[in-house]
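The structure appears right after this line, and notes come after that.
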Amino acid sequence: MLQLKTDHANLGLEDELQKLEAYTERLRGIYESGTYTQAECSINLSKDDALLGQVQDLVKQKITPSLKYSIVVGIGGSNLGTKAVYDALIGHGDLFDSRYNPRMLFAETTDPEMLVQMVAMLRDLTSKDEVLVTLISKSGGTTETLANFEVIMEPLRTKFGDACLDRVVVITDEGSKLWNAAHVEEVSCLAIPAKVGGRYSVLSAVGLFPLASAGIDIVAIRQGATQMLDDCFATDNLAARSAAVLATQSKNGRTINDNFFFHPELESIGKWYRQLMGESIGKERSLDGQVVHAGITPTVSLGSTDLHSVGQLYLGGPRDKVTTFVSSATSVGVEVPSERVFPDLVPMIDGKSAADIMTAILDGVKIAYQKAELPFMEVSLDAIDEQSLGAFLQFKMLEMMYLAQSMNVNCFDQPNVEDYKIETKRILEGTK
């Protein structure tokens, strides 16, 4: 599924790992219980067969032969994980090949230009069965999400009447205002376990239902996640090791974690991780209530593109970063032809595959980092497939729980995010 190398960032690692042993026992107990009563209960999602059955049953009801568009209406944890997996597996293909049906579209922030284009597309539909709208809000009251949903539904209701509501699936906390309103309208619903926060919810119905609607193998995703958990709790705990590196490097002043993906299709994985890290450990107060303003700033870089934009900064600039290189052991094959237009330019690429060239670039970057004495970790996926992606997502969610323990912060709340939400609603109500 994936391998982790920390050889070039091992300073003080063993001491940090020892501090996490008691937390491993807590996590193992929660995992063995299979329940959703503790804050870390998202680790039980991948082996929840009842959840899988509910998702698969609803997918069978909603997927039609004429389905063209699966629209995910959500923001933050309600869509970043789904988009990460979709873009990694299909995103490039859906840009170049119209045979990918259904195509998944994401209505995130309230972008007028995006909404105008989406509304125009929906007005051209000839049947309500050509679209599936998945509305996701854990709280049931997310401003951007509900605004986007109403805009999207207007052309569908105008054209097909309230019958189009059978093309909607709502995913929210059971008992939320959205859950109750959906039941009044007889709209299909799937519940998010109350203790599972948005940024840890990709393996719940939040991610599984829309991904399955696009034909992605959610069983394999769950298998990868479960295997990662089993391995971490039984043998080599990759998640604790990675967290220990980040915590140790942070104490040494390296408070930026650059996630350097050497596959452009993994960029959305980086954006998902950016929220996971930013909201989980960026905290004003510690678990003891002390003001600490803790955090590690996550950044996303793409190889080899960003070597030509920020490579100079990374190699020659401030020593405030620890880097995680992410690559895949396997890739599709395409080669530079032997009969070239400009055969005398860069002759060493003759007959080389694109993967060979990218591997050489990555190896060159790692050598440059070593010479500059810059700390880094390496994550190598076996392949860019469902099982490896499931393992990676679970690896990073578990890593974040360990990292929060090391930094003595609560990785499951986000009190400061509520500040802007409160002010936004006051402005819209005219009470500011």
side-chain contact (heavy atoms from CB on, under 4.5 Å) assessment of Y314 paired with L374
CA-CA 9 Å; Y314 293 168; L374 298 174; 5.6 Å; no
Regarding K47 and the six-membered ring of Y31, is the cationic atom NZ or CZ under 6.0 Å from the ring centre and inside 45° of its axis?
yes
T24 side chain to L20 backbone, donor-acceptor under 3.5 Å:
yes
Tell me if a side-chain donor or acceptor on K271 pairs with a main-chain N or O of V300 at a distance below 3.5 Å.
no
Using a cut-off of 6.0 Å, state whether more than 12 heavy atoms not belonging to K251 lie near its atom NZ.
yes
From CA spacing to verdict: side-chain contact (heavy atoms from CB on, under 4.5 Å), L389, I269:
CA-CA 9 Å; L389 291 174; I269 293 271; 4.1 Å; yes
So T324 and Y273, side chain to side chain donor-acceptor pair (under 3.5 Å) or not? Walk me through it.
CA-CA 12 Å; T324 306; Y273 182 70; over 6 Å; no
According to side-chain hydrogen bond (donor to acceptor under 3.5 Å, both in side chains), does anything in residues 219-228 pair up with another residue at least two apart or in another chain? List the pairs.
S46-T226, D49-R222, Q227-D231
Using modelled atom types only, decide if a donor and an acceptor are shared between the side chain of S304 and the backbone of L307 within a distance under 3.5 Å.
no
Does any non-hydrogen side-chain atom of R241 lie less than 4.5 Å from one of L13?
yes
Can you name the residues that form a salt bridge (Lys or Arg N to Asp or Glu O under 4.0 Å) with R274, not counting sequence neighbours?
none
With a 4.5 Å heavy-atom cut-off, do L190 and L208 have their side chains touching?
no
Sequence-distant partners of Q387, side-chain hydrogen bond (donor to acceptor under 3.5 Å, both in side chains), two or more places apart
none
To the nearest 0.5 Å, what is the distance between CZ on F106 and CG on D87?
6.0 Å
Mark yes or no for whether K421, through its side chain, and T143, through its backbone, hold a donor-acceptor pair below 3.5 Å.
no
Whether over 12 other heavy atoms sit under 6.0 Å from Y420 OH:
yes
Verdict with reasoning, Q38 to S33, per side-chain contact (heavy atoms from CB on, under 4.5 Å):
CA-CA 10 Å; Q38 303 297 320; S33 77; over 6 Å; no
Tell me if a side-chain donor or acceptor on T305 pairs with a main-chain N or O of L302 at a distance below 3.5 Å.
no
With rounding to the nearest 0.5 angstrom, report the CD1 to CD1 distance, I427 to I422.
12.0 Å
Are side-chain heavy atoms of M104 and I90 found at a separation under 4.5 Å?
no
Suppose we screen for side-chain hydrogen bond (donor to acceptor under 3.5 Å, both in side chains). Which residues come up paired with R285, at least two apart in sequence or across chains?
none
Test your reading of the model: is there a side-chain donor-acceptor pair from N148 to the backbone of E108, 3.5 Å cut-off?
yes
May I ask you to test the S353-E335 pair for a side-chain heavy-atom distance under 4.5 Å?
yes
How long is the gap from CZ on R319 to NZ on K321, to the nearest 0.5 Å?
8.5 Å
Kindly determine whether T323 and D258 satisfy side chain to side chain donor-acceptor pair (under 3.5 Å), including the steps that lead there.
CA-CA 5 Å; T323 300; D258 185 51; 4.5 Å; no
Residue pair A88 / I384: nearest heavy atoms and the distance that separates them:
O-CG2, 3.7 Å
Mind checking side-chain hydrogen bond (donor to acceptor under 3.5 Å, both in side chains) for R254 and listing every partner two or more places apart, or none if nothing turns up?
Q249
side-chain hydrogen bond (donor to acceptor under 3.5 Å, both in side chains) contacts touching residues 203-220 (sequence neighbours left out)
S70-S213
Would a 4.5 Å heavy-atom cut-off, applied to side chains only, mark S42 and M401 as touching?
yes
Quick check for you: to the nearest 0.5 Å, what is the distance between T110 atom OG1 and L146 atom CG?
11.5 Å
Apply ring pair (Phe, Tyr, Trp, His ring centres under 6.0 Å) to H8 and list each qualifying residue two or more places apart in sequence or on a separate chain.
F376
If we ignore hydrogens and angles and just use 3.5 Å, is the side chain of N257 paired with the main-chain N or O of V322 as donor and acceptor?
yes
Rounded at 0.5 Å granularity, tell me how far SG in C41 sits from OH in Y200.
11.5 Å
Can you sort out the partners of Y402 under ring pair (Phe, Tyr, Trp, His ring centres under 6.0 Å), two or more places apart, ordered by chain and number?
Y23
Output yes when a side-chain donor or acceptor of T172 lies under 3.5 Å from a complementary backbone atom of S137, and no otherwise.
yes
Does S328 reach the main-chain N or O of T330 with its side chain, forming a donor-acceptor pair under 3.5 Å?
yes
Donor-acceptor pairs under 3.5 Å, side chain of residues 404-411 to any protein atom, not counting sequence neighbours: which ones?
from, atom 1, to, atom 2, distance (Å)
S406, OG, E16, OE2, 3.2
N408, ND2, D288, OD2, 2.9
N410, OD1, F412, N, 2.8

For R167 and K62, the nearest pair of non-hydrogen atoms, with its separation, is NH2-O, 2.8 Å
Of all residues at least two apart in sequence or in a different chain, which pass the salt bridge (Lys or Arg N to Asp or Glu O under 4.0 Å) check with E386?
none
Taking the side chain as C-beta and beyond, is there a heavy-atom pair between V202 and M397 under 4.5 Å?
yes
If you look only at pairs with a residue in residues 346-368, which of them pass as a salt bridge (Lys or Arg N to Asp or Glu O under 4.0 Å), with sequence neighbours excluded?
R340-D350, D363-K366, K366-E378
Measuring from atom CZ of F233 to atom CE of M228, what distance do you get when rounded to the nearest 0.5 angstrom?
11.0 Å
Could you walk me through whether N259 and M277 pass side-chain contact (heavy atoms from CB on, under 4.5 Å), step by step?
CA-CA 11 Å; N259 296 271; M277 174 176 274; 5.8 Å; no
Any residue meeting side-chain hydrogen bond (donor to acceptor under 3.5 Å, both in side chains) with R199, in chain and number order, not counting sequence neighbours
E279, S280, Q414
Check L211 against T82 and note the closest heavy-atom contact, atom names and distance.
CD2-O, 3.6 Å
Scanning both residues in full, the closest heavy-atom pair of S78 with I136 reads O-CD1, 3.3 Å
Taking the side chain as every heavy atom from C-beta outward, state whether Q3 and D382 have any pair of such atoms under 4.5 Å apart.
yes
On a heavy-atom basis, which atom in V219 and which in Q56 lie closest, and how many Å separate them?
CG2-NE2, 3.8 Å
Can you see which heavy atom on I221 is nearest to which on V85, and at what distance?
CD1-CG1, 4.0 Å
Can you confirm whether V365 sits close enough to F325 that some side-chain heavy atom of one is under 4.5 Å from a side-chain heavy atom of the other?
yes
Is a donor on one side and an acceptor on the other found under 3.5 Å between the side chain of S388 and the backbone of A383?
yes
